[in-house]
Every structure is written in C-alpha cells, then in structure tokens.
Amino acid sequence: MESFSFVFIMKMMLQILRITNELSLILQRKDQNVVQAMSLIIDVTTRLNNLRSEGWEPLFEETKAFCLAKCIPIPNMSDQVPRFGRSRKGGRNNITQDHYFRVDIFYAAIDALTTEFDHRFNERSSELLVGFSCLDPRDSFSKFDVEKLARIADIYYDDFSFDDRKTIKDQLQTFIIHVRRLEEFKVCYDLASLSKTMVRLERHIVFPLVYRLIELALILPVATATVERAFSAMKIIKTELRNKMTDGWLNDLMLCYIEREIFKSLDLQQIKKAFQKKKDRKMQFPRS
C-alpha cells in the first residue's frame, strides 16, 4: 500500500467510481426509470471521455502531492521498465514509467469501461430504451412519439403479429388523445402507475397493443438488475456444503434472501402463533 502504483490506482478508481456512482444506483433499482437511465448513460460516457483526454495531468499531480505528504517514493517517469510478463532481453520490450501509468493503467481502465458501455448499451439497446422512454406519463406524456413506439413492435416481432404491427400506430394516436383528455391519467408519474390506472379503468382492454408495450417496458428492469441479484444470491446460498439440496429448498432460500426486506418486516410472533394454532401439531413452542 505504501507504493506510488497503489496510490495512483486508488486515486484513479475513486475518480472513476464517483463518475459512475449515480448511474450504478439507478440501474440497480427495481423501479427503474428508463428516461433517467438513458440520460445518465450519455452523461457518464461523456465524462469518461473527458477524463481520458483531460484527466491525466490532474490525477498525476494529485497522486504526487499525496505521495509527498505521506513520504512515499515517486518513481522517475523516464525510467525503463519491462512490459507485463515479458523478457527485458535487449530492452526491446521495455517501456517508460510514464507510458506504463498513462497507457497501460489509466487509458486501459477507461477504455475497458467505455467498451463495456458500448457492448451493454449498443445501438439496438439504446433504441429500445429511448422507445420505452416515450411512454413516460409525466408532463402529460410530453415525450410520447408514435414512430419510436411503433418501432418497438418491430423489434419485439414475436410478441406482435403482422396485423398488430400495421395497426399499432393508429391505436397509439387514439391512445394519446384519450389519456391527455382524462384527469385520471394526469396524476400518473411512472409506467407502474400508468399500467395500474389502465387496468383500473379497463383501458387495457380498449388499447391492448399499447398495454402490451407497457408490459414489455415493465419487464425490462427485471431482465437486468433483478436477475443479476438472483444469480449472486445463488452463489452465496448454494455452497459446497449445500451442493445436494433440492430445487424446492433452494428456491425457498433464494426467495428469503432476495426479498429479505419484505421478510424483515414480518412479525415472527404472529408466525409462531399461527403454527401453534394448527391442530395437527403435537407440542407447543417454548415461551421466549
């Protein structure tokens, strides 16, 4: 820990994590707001690109100031060092300290992040998220766009028949006039409240194709953060000692772990009394 390399990487990662923190928190929420997520993805990518082009000198100076204050030796940036795991024979594979910290660490870390952003939020995914953001009911459906929403039906061609894709634009145009006229839809603030209002007023029967788009948008967060949480819970629960557990037991344990906030709110005394009242029990639980 008392080395220039450790301090540099620590300072760099703190800066990168501060940039991506808000986006990370939004993407992990169950009630994910697609509009906010798409806006932050663009902003975070821009900040990372700015950090790559302009952030080297400030980061390097900050690291040097920290090392001087803590009496940590600072290497000479013009010294030659061998590349990762390669021979130094003849010096052909040697690089300078400046190249090592600037290119092999600083640039490589930011490029890895931006590449992952491009992979996860590619053109098709971005088009899908932007299309779903048009269903945002706030400000009287100010972002509503018939063409972008109709494009979603083409992307999810297995969920919409040929006739559905031909008639969805007309239904969307009628839908937006209808919801902007009714007072009940003016209080909707997200897709969940919009879907509940449609079901309560039975508009999901009148506009089935629009409601199908809303269902697909609501499923979208479940296909990202919630599924990743489930796989993370599986690694924690199904250890080597529990490798032979049945699927039923694994499902019950995962349900308790994933929805632990709900289980924390349960009254254990009420559960205890419910078991005690069962007639087929042969003994009483001991008093607490």
Engineer: Can you check whether Lys186 reaches Phe141 side chain to side chain, under 4.5 Å on heavy atoms?
Structural biologist: no
Engineer: I need the minimum non-hydrogen distance between Ala192 and Leu218, along with the two atoms involved.
Structural biologist: N-CD2, 3.9 Å
Engineer: Do Arg212 and Asp164 sit within salt-bridge range, that is, some charged N less than 4.0 Å from a carboxylate O?
Structural biologist: yes
Engineer: Is any side-chain heavy atom of Leu250 closer than 4.5 Å to a side-chain heavy atom of Met254?
Structural biologist: yes
Engineer: Taking 4.0 angstrom as the limit, do Lys64 and Glu61 come out as a salt bridge?
Structural biologist: yes
Engineer: Check whether Asp267 reaches the backbone of Gln269 with its side chain - one donor and one acceptor, N or O, closer than 3.5 Å.
Structural biologist: yes
Engineer: Tell me the closest heavy-atom pair linking Pro75 and Gln97, and the distance in Å.
Structural biologist: CB-NE2, 3.9 Å
Engineer: Quick one: is the NZ or CZ of Arg52 closer than 6.0 Å to the six-membered ring centre of Tyr107, and within 45° of its axis?
Structural biologist: yes
Engineer: So which heavy atom on Ile95 is nearest to which on His99, and how close?
Structural biologist: CD1-ND1, 3.8 Å
Engineer: Evaluate side chain to side chain donor-acceptor pair (under 3.5 Å) for Ser78 paired with Asn76, printing each intermediate quantity in order.
Structural biologist: CA-CA 5 Å; Ser78 60; Asn76 186 352; 3.0 Å; yes
Engineer: How long is the span from the OG atom in Ser142 to the CG atom in Asp136, to the nearest 0.5 Å?
Structural biologist: 7.0 Å
Engineer: If you look at every heavy atom in Leu172 and Ala150, which pair is closest and at what distance?
Structural biologist: CD1-N, 4.0 Å
Engineer: Within this structure, what is the SG-CD1 distance for the pair Cys134 and Ile176, rounded to the nearest 0.5 Å?
Structural biologist: 10.0 Å
Engineer: Are any non-hydrogen side-chain atoms of Val44 and Phe117 less than 4.5 angstrom apart?
Structural biologist: yes
Engineer: Count I, L, V, M, F, W, Y as connected when their side-chain heavy atoms are under 4.5 Å apart, and connections chain through other members. Are Trp56 and Ile74 then in the same cluster?
Structural biologist: yes
Engineer: For Thr197 and Leu201, run side-chain contact (heavy atoms from CB on, under 4.5 Å): C-alpha distance rounded to whole Å, both residues' side-chain angles, the deciding distance at 0.1 Å, then the answer.
Structural biologist: CA-CA 6 Å; Thr197 304; Leu201 300 177; 3.8 Å; yes
Engineer: For the OG1 atom of Thr46 and the CD1 atom of Ile41, what is their distance to the nearest 0.5 Å?
Structural biologist: 11.5 Å
Engineer: Does some side-chain heavy atom of Phe144 sit less than 4.5 Å from a side-chain heavy atom of Val146?
Structural biologist: yes
Engineer: Please check if any side-chain donor atom of Arg181 sits under 3.5 Å from a side-chain acceptor atom of His178, or the reverse.
Structural biologist: yes
Engineer: Can you tell me how far the CG atom of Asn21 sits from the CD1 atom of Ile16, to the nearest 0.5 Å?
Structural biologist: 13.5 Å
Engineer: Is the side chain of Arg165 donor-acceptor paired with the backbone N or O of Phe160 at a distance under 3.5 Å, no angle test?
Structural biologist: yes
Engineer: What's the spacing between Ile19 CD1 and Leu51 CG if we round to 0.5 Å?
Structural biologist: 4.5 Å
Engineer: Would you say that more than 12 heavy atoms from the other residues, nucleotides or ligands in this model lie under 6.0 Å from the CD of Glu2, or not?
Structural biologist: no
Engineer: Are Val103 and Met12 connected in the hydrophobic side-chain network, where two residues link if heavy atoms are under 4.5 Å apart?
Structural biologist: yes
Engineer: With side-chain contact (heavy atoms from CB on, under 4.5 Å) as the criterion, how do Phe175 and Met198 come out once you've worked through the C-alpha distance, each side chain's angles and the decisive distance to 0.1 Å?
Structural biologist: CA-CA 11 Å; Phe175 169 80; Met198 288 189 66; 4.0 Å; yes
Engineer: Less than 4.0 Å between a side-chain N and a carboxylate O, is that true for Glu147 and Lys169?
Structural biologist: yes
Engineer: Testing the basics here: between Ile214 and Leu194, what is the closest heavy-atom pair and its distance to 0.1 Å?
Structural biologist: CD1-CD2, 3.7 Å
Engineer: Kindly determine whether Asn94 and Val81 satisfy side-chain contact (heavy atoms from CB on, under 4.5 Å), including the steps that lead there.
Structural biologist: CA-CA 5 Å; Asn94 288 354; Val81 293; over 6 Å; no
Engineer: In the structure I gave you, are the side-chain heavy atoms of Tyr211 and Val199 within less than 4.5 Å of one another anywhere?
Structural biologist: yes
Engineer: First locate atom OG1 of Thr20, then atom CG of Leu113, and finally report the distance between them rounded to the nearest 0.5 Å.
Structural biologist: 7.0 Å
Engineer: Give the C-alpha distance, both sets of side-chain angles, the deciding distance and a yes or no for side-chain contact (heavy atoms from CB on, under 4.5 Å) between Leu128 and Ile155.
Structural biologist: CA-CA 8 Å; Leu128 191 63; Ile155 296 175; 4.2 Å; yes
Engineer: Of all heavy-atom pairs between Leu59 and Phe8, which one has the smallest distance, and what is that distance?
Structural biologist: CD2-CE1, 3.8 Å
Engineer: Among Phe106, Phe4, Phe60, whose ring pair (Phe, Tyr, Trp, His ring centres under 6.0 Å) with Phe101 holds?
Structural biologist: Phe4
Engineer: Quick check: is Phe6 connected to Met13 through a chain of hydrophobic side chains (ILVMFWY, heavy atoms under 4.5 Å apart)?
Structural biologist: no
Engineer: With the 4.5 Å side-chain cut-off for hydrophobic clustering, are Leu266 and Leu255 part of the same group?
Structural biologist: yes
Engineer: Are Glu57 and Arg102 packed together at the side-chain level, in the sense that at least one heavy-atom pair is separated by less than 4.5 angstrom?
Structural biologist: yes
Engineer: Is it the case that one hydrophobic cluster holds both Leu68 and Met10, taking links as side-chain heavy atoms less than 4.5 Å apart, direct or via other members?
Structural biologist: no
Engineer: Is the closest side-chain heavy-atom distance between Thr167 and Phe162 below 4.5 Å?
Structural biologist: no
Engineer: With a 4.5 Å cut-off on side-chain heavy atoms, are Glu22 and Leu25 touching?
Structural biologist: no
